[in-house]
Amino acid sequence: MSIIATIMNSTTGQPIQKMTFGRMPKPWISFNLATGELVTADRVHVGKPAPGKFVAPVEVWVTPKG
């Protein structure tokens with residue numbers, strides 16, 4: 001089961017993009033954004049699922065350099 005996460009900017013608090021991971025991302029994961037920039041996760045936040053839903057929202061917070 002793949003995980004769909006929202007990539008969030010730690011500096012501005014704004015979403016950057018959606019990304020699919022094969023498994024739950026670790027807090028120290030490094031990956032490339034759609035722009036090609038290599039980033040490392042600051043933290044991974046897993047929210048509560050909406051009532052009657054199974055999928056929990058996942059946010060990966062990163063600090064882009066540019």
Side-chain angles (χ1 to χ4, degrees):
M1 182 171 93
S2 61
I3 304 294
I4 299 173
T6 303
I7 311 302
M8 302 289 289
N9 188 329
S10 293
T11 308
T12 63
Q14 298 295 319
I16 299 173
Q17 69 182 46
K18 294 268 188 187
M19 192 167 205
T20 303
F21 294 94
R23 56 190 301 183
M24 183 61 75
K26 302 289 184 193
W28 55 83
I29 189 171
S30 293
F31 55 92
N32 289 319
L33 295 175
T35 60
E37 181 179 1
L38 179 66
V39 293
T40 302
D42 297 333
R43 64 184 172 142
V44 176
H45 181 261
V46 180
K48 286 187 168 185
K53 300 289 183 180
F54 176 72
V55 179
V58 178
E59 297 174 345
V60 179
W61 292 80
V62 299
T63 304
K65 306 281 187 275

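From a predicted model like this one, the values you see are computed outputs, not experimental measurements.
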ILVMFWY network linking M8 to M19, side-chain heavy atoms under 4.5 angstrom: no
Identify the heavy atoms of K18 and T6 that sit nearest to each other, and give their distance. NZ-OG1, 3.1 Å
Please name the pair of heavy atoms, one in S30 and one in L38, separated by the smallest distance, quoted to 0.1 Å. CB-CD1, 4.3 Å
What's the separation between atom OG1 in T40 and atom CD1 in I29, rounded to the nearest 0.5 Å? 9.5 Å
Heavy-atom nearest pair, P64 first then V39, reads CA-CG1, 4.2 Å
Counting N and O atoms only, with roles assigned by atom type, does the side chain of Q17 sit under 3.5 Å from a partner on the main chain of A34, one being a donor and the other an acceptor? yes
Of T20, V55, V58, the one forming a side-chain contact (heavy atoms from CB on, under 4.5 Å) with I4 is T20
How many angstroms lie between atom OG1 of T63 and atom CG of D42, to the nearest 0.5 angstrom? 3.5 Å
Please tell me whether F31 and W61 are part of a single hydrophobic cluster in this structure, the criterion being side-chain heavy atoms less than 4.5 Å apart. no
